[in-house]
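Below is one structure, written out as structure tokens, with a few remarks after it.
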Amino acid sequence: MQGRRKLGMISAAAIATLALASCSGGGGGEGDSGSAETTFRVAFNQNIDHPQAQALLELSDQLQERTDGKYALELYTDETLGDQASTIEQVQSGTIDFAMVAGSLLENFESDFSVVNLPYLYESPEHQMSVLNDREIMGDLYDSVLEDSIKVVAGYHGGVRNVYSSVGPVETPADLAGQKIRVIGSDTNVRMMELMGGVGTPMGQGEVYTAIQSGVLDGGENNELIYSSLSHAEIAGFYSYTQHLMMPDYLIASPTVWDGLDADAQSIFQELLDQSVQTELELFATAVDDAKASAEEAGAVFNEVDVDVFREAVLPLHEERLTTDRTQTIYDAIEAARS
């Protein structure tokens, strides 16, 4: 596994070489994955300690074992292969094999994906995962991007997103009035923040620290892991539990790569993906506790809010996004899956 953990430091020249190489024969990987007959390159935008990264590394070990060394994954962390939008394009072109991407980015290919990105949609991470990995509910939507050379192979929990600010604690929508809050770039998220009382400002994650520090932004919205790992507690020390969004992340693949697996390999891979989703849920819960403690040590103050007030404020967005039979059907299924 040592080779995978060092990939974040690979030089640009090495990345270019890998981009041109076939994934067969190990794809230039080292360590355990290098002994596999075929090593799939996986793009990931967070660090190696992230629960999703750890879950994928475990999946790779199990995949290599279960397929008698035929397949493994090579995980490229810390945006080594580019930001998420770029890695989607690389999956489409076949330059890389898999990528973990934010759910909102798939709205750019099929607007109906907005239905599973709505605020206050899920009652728990377990509820979210049970829906997103149910092919009876999600199959038609996932298949809609196959023609864009994107295959969704699994949905992962991306944390519960909350608002953080350099101005002060947020307890009601009125507290967000005039505040420029960074959101992931999608119309749904911009509209969500508007209804919550703030000004949704799309921006790349790597620019947020400097933007808050310089006053271009007043804050952001994300889970505790990102807030802590990117040191945003240093420049936006008020973290308010609005609990407004569980944005799913998707592991996507090139359809050509997935279709190139024989039926037995696909079955094993899918079984391990399902296990990986559950593993990541458990790891995420532990990581949140650690991240919160770390942020508090850096000076962050966490506060509860009147969640019901925010929920009521954003409900119009639900109606606005249920514009097709497919979105209504998925929305109804999500509601029905509540415990």
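In what follows, residues are counted from 1 in the order of the sequence shown.
- Tyr209 OH to Leu230 CG: the interatomic distance, rounded to the nearest 0.5 Å, is 10.5 Å.
- There is no path of hydrophobic side-chain contacts, each under 4.5 Å, that joins Phe238 to Val305.
- Ser35 and Gln64 share a donor-acceptor pair across their side chains, judged by distance under 3.5 Å alone.
- Judged by distance alone, the side chains of His157 and Gln128 do bring a donor and an acceptor atom under 3.5 Å apart.
- Classified by interplanar angle (parallel below 30°, tilted 30° to 60°, perpendicular above 60°), the ring pair Tyr331/His318 is perpendicular.
- Between the side chain of Glu107 and the backbone N or O of Ser186 there is no donor-acceptor pair closer than 3.5 Å.
- Partners of Asp175 according to the side-chain hydrogen bond (donor to acceptor under 3.5 Å, both in side chains) rule, which considers only residues two or more places apart in sequence or in another chain, do not exist here.
- Note that CD of Gln205 is 9.5 Å distant from CD of Gln84, once rounded to the nearest 0.5 Å.
- Nearest approach of Leu121 to Glu335, heavy atoms of both residues: O-OE2, 4.3 Å.
- To the nearest 0.5 angstrom, Glu221 atom CD is 7.0 Å from Arg182 atom CZ.
- Ring orientation note: the planes of Tyr164 and Tyr227 are tilted relative to one another, at an angle of 30° to 60°.
- Nearest heavy atom pair, residue Val163 against residue Leu176, reads CG1-CD2, 3.9 Å.
- One N or O on the side chain of Thr80 and one on the backbone of Thr77 form a donor-acceptor pair closer than 3.5 Å.
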Under the side chain to side chain contact (heavy atoms under 4.5 Å, CB included) criterion, do Gln54 and Ile48 qualify, and how do the steps go? CA-CA 7 Å; Gln54 291 299 307; Ile48 196 67; 4.1 Å; yes
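- Side-chain contact between Gln46 and Ile226 is present, with heavy atoms from C-beta onward closer than 4.5 Å.
- There is a side-chain donor-acceptor pair under 3.5 Å between Thr327 and Thr324.
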For Ile252 and Thr87: C-alpha separation, side-chain torsions, deciding distance, then whether side chain to side chain contact (heavy atoms under 4.5 Å, CB included) applies. CA-CA 10 Å; Ile252 64 169; Thr87 60; over 6 Å; no
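- When only modelled atom types and interatomic distance are considered, Tyr241 and Glu224 share a side-chain donor-acceptor pair under 3.5 Å.
- Aromatic ring pairs are classed by plane angle as parallel below 30°, tilted from 30° to 60° and perpendicular above 60°; the pair Phe98 and Phe40 is perpendicular.
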Worked check of side chain to side chain contact (heavy atoms under 4.5 Å, CB included) between Val145 and Phe113: CA-CA 10 Å; Val145 291; Phe113 269 91; 3.7 Å; yes
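- Residue pairs satisfying the side-chain hydrogen bond (donor to acceptor under 3.5 Å, both in side chains) criterion with at least one member in residues 250-270, sequence neighbours excluded, are listed as follows: Gln270-Asp274.
- Looking at Arg321, its side chain never comes within 3.5 Å of a backbone N or O of Ser111 through a donor-acceptor pair.
- Grouping Ile, Leu, Val, Met, Phe, Trp and Tyr residues whose side-chain heavy atoms lie under 4.5 Å apart, directly or via other members, places Val288 in a hydrophobic cluster with Leu225, Phe284.
- In this structure, the side chain of Asp97 engages the main chain of Arg41 through a donor-acceptor pair within 3.5 Å.
- No more than 12 heavy atoms of other residues, nucleotides or ligands lie within 6.0 Å of CD in Glu65, so this atom counts as exposed by the packing criterion.
- Met100 has its side chain out of reach of Asn45: every pair of non-hydrogen atoms, C-beta onward, lies at least 4.5 Å apart.
- Ring orientation note: the planes of Phe302 and Tyr239 are tilted relative to one another, at an angle of 30° to 60°.
- One finds a salt bridge joining Glu110 and Arg326 here, because a Lys/Arg side-chain nitrogen approaches an Asp/Glu carboxylate oxygen to under 4.0 Å.
- Under a hydrophobic-cluster definition in which Ile, Leu, Val, Met, Phe, Trp and Tyr are linked whenever side-chain heavy atoms come within less than 4.5 Å, directly or via other members, Leu105 and Met138 are assigned to the same cluster.
- Across Gly178 and Asp218, no two heavy atoms sit closer than the pair O-OD2, 3.8 Å.
- Under the 4.5 Å side-chain criterion, counting only non-hydrogen atoms from C-beta, Met246 is in contact with Pro125.
- Judged purely by atom type and a 3.5 angstrom limit, Thr39 has no side-chain atom pairing as donor or acceptor with the backbone of Glu74.
- Two residues are said to be in side-chain contact when any heavy atoms from C-beta on lie closer than 4.5 Å; Ser60 and Leu75 fail this criterion.
- Of the options Val101, Ile96, Asp148, Asp83, a side chain to side chain contact (heavy atoms under 4.5 Å, CB included) to Ile88 is made by Val101 and by none of the others.
- Side-chain contact check for Ser149 versus Val91: every heavy-atom pair is 4.5 Å or farther apart.
- At least one donor-acceptor pair under 3.5 Å links the side chain of Thr201 to the backbone N or O of Val199.
- Residues Tyr156 and Leu273 form a side-chain contact, since some pair of their non-hydrogen atoms from C-beta on lies under 4.5 Å apart.
- Side chain of Asn223 to main chain of Gly158: a donor-acceptor pair is present (N/O by atom type, distance under 3.5 Å, no hydrogens or angles).
- From Ser165, atom OG reaches atom NE2 of His232 across 13.0 Å, with rounding to the nearest 0.5 Å.
- The shortest non-hydrogen separation linking Ala211 to Met203 is CB-SD, 3.6 Å.
- With 3.5 Å as the limit, one finds no donor-acceptor pair spanning the side chains of Glu89 and Ser93.
- In this structure, the separation between OG on Ser144 and CG on Asp140 is 7.0 Å, given to the nearest 0.5 Å.
- Between Leu146 and Lys151, the closest side-chain pair of non-hydrogen atoms falls below 4.5 Å.
- When atom types are taken as modelled, the side chain of Asp308 and the backbone of Arg311 share no donor-acceptor pair closer than 3.5 angstrom.
- Using a distance-only test at 3.5 Å, with no hydrogens or angles considered, a donor-acceptor pair links the side chain of Asn162 to the main chain of Val160.
- The side-chain heavy atoms of Phe269 and Thr67, taken from C-beta on, include no pair separated by under 4.5 Å.
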